[in-house]
Structures are given as C-alpha cells and as structure tokens.
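Have a look at the structure below before the remarks.
Numbered from 1 within each chain, the chains take letters A, B, ... in sequence-line order.
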Amino acid sequence: MNIYNTLSNRKEEFKPITQGKVKMYVCGPTVYNYFHIGNARPLIFFDVVKNFFEYLGNEVTFVRNITDIDDKLIQRSIEENIPVSEIAAKYTKAFFEDCRALEISPADHHPKATEYINDMIDLIKELVEKNIAYEVNGDVYFSVSDFPGYGKLSGKKIDDLKAGARVEANKQKKHPADFTLWKKAKSGEPNWSSPWGEGRPGWHTECVVMSRKLLGKTFDIHGGGIDLIFPHHENEIAQAEASGNKNLANYWMHNGYLNIEGEKMSKSLNNFFTARDILKKYDAESIRFFFLSKHYRSPIDFNESIIIESKQAVKNFYNILKESDYLSIKDNKFEYSDVHLKYKDEFISAMNNDFNTAKAISVLFDITKTYNKTKDPIYIHLLIELGNVLGFFMNIEEKLNNEISDISNELIDLIINYRISFKKEKNWKMADAIRNDLKKIGVVLKDTPEGTEWSIEK
RNA sequence: GGCGACAUCGCCAAGCGGUAAGGCAAAGGUCUGCAAAAUCUUUAUCCCCGGUUCGAAUCCGGGUGUCGCCUCCA
C-alpha cells in the first residue's frame, strides 16, 4: 500500500510498526459549535481509511480526540453565558449525533483534553527542564529556535516565519514563532494548578500527550486537515521529538479543503453550512459519495448541483439493490470466482494507491453494470462488501425495510385520496370496497367531519 | 514578502512515460399500453508556448489562470 506522506511530500510504501496492526490518530473537533460540512471531510475520509485497513485484515486502533478546553470555548461560554464545561458537553453530544447521522463509525478512543491535564503538565515540565521551553509571567512557550527540526513537516523556515507579516507580536516571546504550551488563566476562566500558576494548556500539547498515552510514543498514522500542518502538527512534532520521541508518527496524512462555490467557507461570506443543516436536505450517503468521488488531497468544491448529482448516483446503486431483491438473497451461500475477484482486486489496488476512492467508486459502477447484464446475485454481495469499505450500504437491510415503512404512510394517504374521489362521485361501492379491503390488512378508516382518519389495528 | 497545490468532455472526476476510466446531464435506438428501470450507440488529445523522448495529459523550462498556507481553523 502506498500512502502520501506529508513529511516527505511523496507516496511511500506503508509499513506498520507492528505487522498486522495500525495505530492512527486524527485530530478531532474543538467542541465549541456544531461542526460544518468541511469538518465532515476528514471524518468521512479517515473513517474509510480505518475501514480499508480492517478490510485488509489489520487490527486498527483509531483515536480521535475531543478538544474541550480552548480559547474558542471560552469565548463561546461568554457569548452564551454558560460555563465552559456545559458548552463542551453540549457540542460533544452534538458531535456524536451528527457523526451517527453521517454514518461515521466511532473511533476506538475519544480522549478529552481536560482528562489529560496532568500529563500535559508533565510534558511541559520536561520541556522546561530541557531548556527548550521557558516561562514568562505564568505563560510557558516552546522555543522553536532550540529545536533543530522545526519546520520539517510544513517546509517552513524559522527565518521566513520571522519575516512574515502575520506572525503575532508578543514581546514576551523570545522568537515570534514560539508557541504557547501553558497559558495563564484570566479571572473567571477555567484553570488548573501548575508549577507556573493557575492556567490551562495550549492546544498543541494535548494531541502529543493523548496519542502517547493511547498509542505509544511513535505510532503509524497521524491525520487531519491540510490547514493543521502548520502550526498544529508542526508544533506537535516539535514537542514530541524535543521530549525524546524519535518520530511522533511515521505517516502524516492531510485532507484538502472544502470550498463553497469556489470560495472558502466563512461566516462573513454567509456561506457557512453545518453538517446538521446539510443533513436536513441530503442523506448521509449522498454526502459521502460527494466527498469520496474526489481524491482526498484535492480541494473540493461544494455546491447544490454537485450534491444532487451525487444523490442521483447513489440512487442508481439502490435501484439495483432493490431490483435484485437483496433482502431475499442476502443469506444465500456464495463463493467468488475469478470473474468476481477481478473487481475486488481492482478495488483494492485503487485503494492501495493512496486511497483512490474515486477509482474505487468506479469499480462499484462496473460491478453494477455487470450485474445488470448477468443478473448474477454474487455481484450484489460483492457490491455491498466493497461498498461497505467506503461506508456505503451500511445497515442495508434496515434501510431497505425502512424505505418501505416510510412510503407506507404516503401510500395509505394516496389510497384514501382515491376513496375520497369515489365518495365525491357517490361511487359508494368502490369507497366501501376500499375501506373493507384496507381493514383486512389492518388499516381502519374513520370518516369524521374533519376528514378521513386512519389507524393501524391488528 | 515567503511556501505550496491545482488546470483533463456541459458538470464532477480517474490517470503517475506507451497512445484519454467512471459518474451526472444530454441526444438517438431497443424494450414497454404509457412511464420507470435496463440495454446499445453518440460527445475531449488533456490551459498556452518551448524542450527531453521512438513515444508525454503524464518529465523539464517559461507563461497564463484558479486556490490555499504563513493567525484560530478540518
């Protein structure tokens, strides 16, 4: 398997630290708000990464952290006039709800930053002792000049950072690019005791500490959005390696950005969509198809027409699942032969090539086409097996059943409307026949002055 | 100012030196009482200009254009 590694800027053969096991860490949400459609990209993509490794027979340990203490939470807490802990609880809950709605399977661990404060303090202490971090007035900074490898992930040079116009001016820092490890608490802010006084950890420390605790000092894959390369991941590497790790992670994977109609999503442009909002209009699989139809490292553009296209494409998969009457063949015994395995191989080699999900999806379409020609139900099993790797057709039985129950209400209303037409025409014979026949299947009609009501009685 | 990515049919998109996958949309045919589904057929030489090569969408150089990072951000 080849994976594009941001550290080397090229595709590399993936070699796990322990054969048959994959340890991965992906930066999760800061729970200060509902997550937006752009946040859904790494959630869906790394869900697929995990699935694929498991499909190949690996035992995967997947960690996705929850940042529940941060400037933005504090700001939100002030805005909503609710304690930080309640903000965090509210949006953590919402995060899991939205993930479920998007059919993203949970990680193995969801560590919260506030549960690892002591470990973070220990790490910061160690860095201070090693003279690679320094304290000023209750704040602790990491000294980038004292860490030779700084910039190796993002390809930035410390001097360029200094020259850049956008580096924050802070007289306390030795170097403008030094980043905060520990922040002194202002009054009223959540705080923890530390050797440097009351305060809270900076954002970049938590991921180092939590990954170390749950995955060990060096693990296989660290993932996240492309915007996290700098400074977040760069700073993680600096802390981890300054404190004795040879490598924090062997492979760094970053997904590209999502734009809205060609522009960056932002509140000021009024093109900001939460996943929650999108889910009101479009189903999880259409959204997933939209993301996976493009390579994860490319930027992707979100707009109404493109998601409708995706929806149409997904619908075509469901057409054949319904037509094949999957529910009745699902328990059939079957064995793949070479003709079937050819598609499986194609699918796997697409995915092996740095997770080429777009190519993998095209294999799914090839399978549907072949099924339509041959009507060989094994192709349906194959379609579902491979589709599942991408997160499609999950809980397929339930969905096919639900679809029927969803439609049944509308169906009964439809029949009732026909009966109302017959009543208007005084065609009592037909109207009564409909009522009697419905009763036979347990649907009881009542004609009231407000109209026809119905209920299920069995 | 520094760093980087991308440019392939109407739209989305794969392609990683050997002669342009796939999806959506559209048009026509078959099938059909009519629809739907299915099926067959049709639609690009890959932003421009040079170069390397027997051979380039794919490599190199130069343009043009779009986007991103350098500040919290997936």
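Note on A:N259: every side-chain N or O is 4.0 Å or more away from OP1 and OP2 of B:rC67.
Look at the C1' atom in both B:rG10 and B:rC49: the space between them is 28 Å, to the nearest Å. Distance check on atom C1': B:rC46 versus B:rA56 gives 11 Å, rounded to whole Å. For B:rU45 and B:rA7, the C1' atoms lie 16 Å apart once the distance is rounded to whole Å. Comparing the same atom, C1', in B:rC47 and in B:rC67 gives a spacing of 16 Å after rounding to whole Å. Between the C1' atoms of B:rA35 and B:rG18, the separation comes to 47 Å (whole Å). For B:rG2 and B:rA21, the P atoms lie 42 Å apart once the distance is rounded to whole Å.
Under the 30°/60° scheme for interplanar angles, the aromatic rings of A:F53 and A:F14 are found to be tilted. Using the six-membered ring where Trp is involved, A:F317 and A:F392 have ring planes that are tilted, between 30° and 60° apart.
For the pair A:F289 and A:I320, both in contact range of RNA chain B, the more 5′-proximal nearest nucleotide belongs to A:F289. Residues A:S298 and A:Q312 both approach RNA chain B. Their nearest nucleotides, taken by heavy-atom distance, put A:S298 toward the 5′ side.
Spacing between atom CD1 of A:I300 and atom C1' of B:rC11 amounts to 14 Å, rounded to whole angstrom units. Distance CD (A:E309) to C1' (B:rA26): 13 Å, rounded to an integer number of Å. Atom-to-atom, CZ of A:F317 to P of B:rA38 comes out at 12 Å; the value is rounded to the nearest Å. Distance A:M24 CE to B:rA74 C1': 14 Å, rounded to the nearest Å. Counting to the nearest Å, the C1' atom of B:rG15 and the CZ atom of A:F355 are 19 Å from each other. Protein atom CD1 of A:I44 is 15 Å distant from nucleotide atom P of B:rA74, rounded to whole Å. Across the protein-nucleic acid pair, A:I307 atom CD1 and B:rG23 atom P stand 19 Å apart, rounded to whole Å. One can place CG of A:N319 at 7 Å from C1' of B:rA37, the figure rounded to the nearest angstrom.
Summarising the base pairing, B:rU58 is matched to no nucleotide, lacking a Watson-Crick or G-U wobble pair whose two defining distances lie under 3.5 Å. Pairing for B:rC46 is absent, judged as Watson-Crick or G-U wobble with the two contacts each under 3.5 Å. When Watson-Crick and G-U wobble pairs are counted only if both distances are under 3.5 Å, B:rA20 pairs with no nucleotide at all. As the counterpart of B:rC34, no nucleotide is assigned, since no Watson-Crick or G-U wobble pattern has both distances under 3.5 Å. Searching all strands for a Watson-Crick or G-U wobble partner of B:rU53 with both distances below 3.5 Å returns nothing. Pair assignment for B:rC67 gives B:rG4, based on Watson-Crick or G-U wobble hydrogen-bonding distances that are each under 3.5 Å.
Taking the centre of each ring, A:Y336 and A:F334 come in below the 6.0 Å mark. Note: A:F230 and A:H233 fail the aromatic proximity criterion, with ring centroids not under 6.0 Å apart. Aromatic ring centres of A:Y379 and A:H340: separated by under 6.0 Å. Ring centroids of A:F179 and A:H204 are separated by less than 6.0 Å, placing the two rings close together.
Distances from the side chain of A:T30 to the nucleotides B:rA74, B:rA14, B:rG23 place B:rA74 closest. Taking only side-chain atoms of A:I306, from C-beta outward, the nucleotide of B:rC12, B:rA37, B:rC72 with the closest atom is B:rC12. For A:N372, taking side-chain heavy atoms from C-beta onward, the closest of the listed nucleotides B:rA14, B:rA38, B:rA74 is B:rA38.
Applying side chain to side chain contact (heavy atoms under 4.5 Å, CB included) to A:N191 and the options A:E198, A:K183, A:R200 leaves one that passes, A:E198.
When heavy atoms are screened at a 4.0 angstrom cut-off, A:N39 is found touching base atoms of the nucleic acid. Heavy atoms of A:G224 sit under 4.0 angstrom from primed sugar atoms or phosphate atoms, though from no base atom. Residue A:H254 is out of contact with every strand shown, counting any heavy-atom pair closer than 4.0 Å. At a threshold of 4.0 angstrom between heavy atoms, the contacts of A:L258 include nucleobase atoms, whether or not backbone atoms are also involved. The residue A:F230 sits close only to the backbone: its heavy atoms come under 4.0 Å of sugar-phosphate atoms, none of a base.
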Sub-3.5 Å pairs of nitrogen or oxygen atoms, protein against nucleotides 16-22 of chain B:
unit_1	atom_1	unit_2	atom_2	d
B:rC16	N3	A:K11	NZ	2.9
B:rC16	N4	A:K11	NZ	3.3

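The two residues A:N388 and A:N51 come nearest to each other via the heavy atoms O-ND2, 3.5 Å.
With salt bridges taken as basic N to acidic carboxylate O contacts below 4.0 Å, one links A:E103 and A:K399. Using a 4.0 Å cut-off between charged nitrogen and carboxylate oxygen, A:E97 and A:K93 count as a salt-bridge pair.
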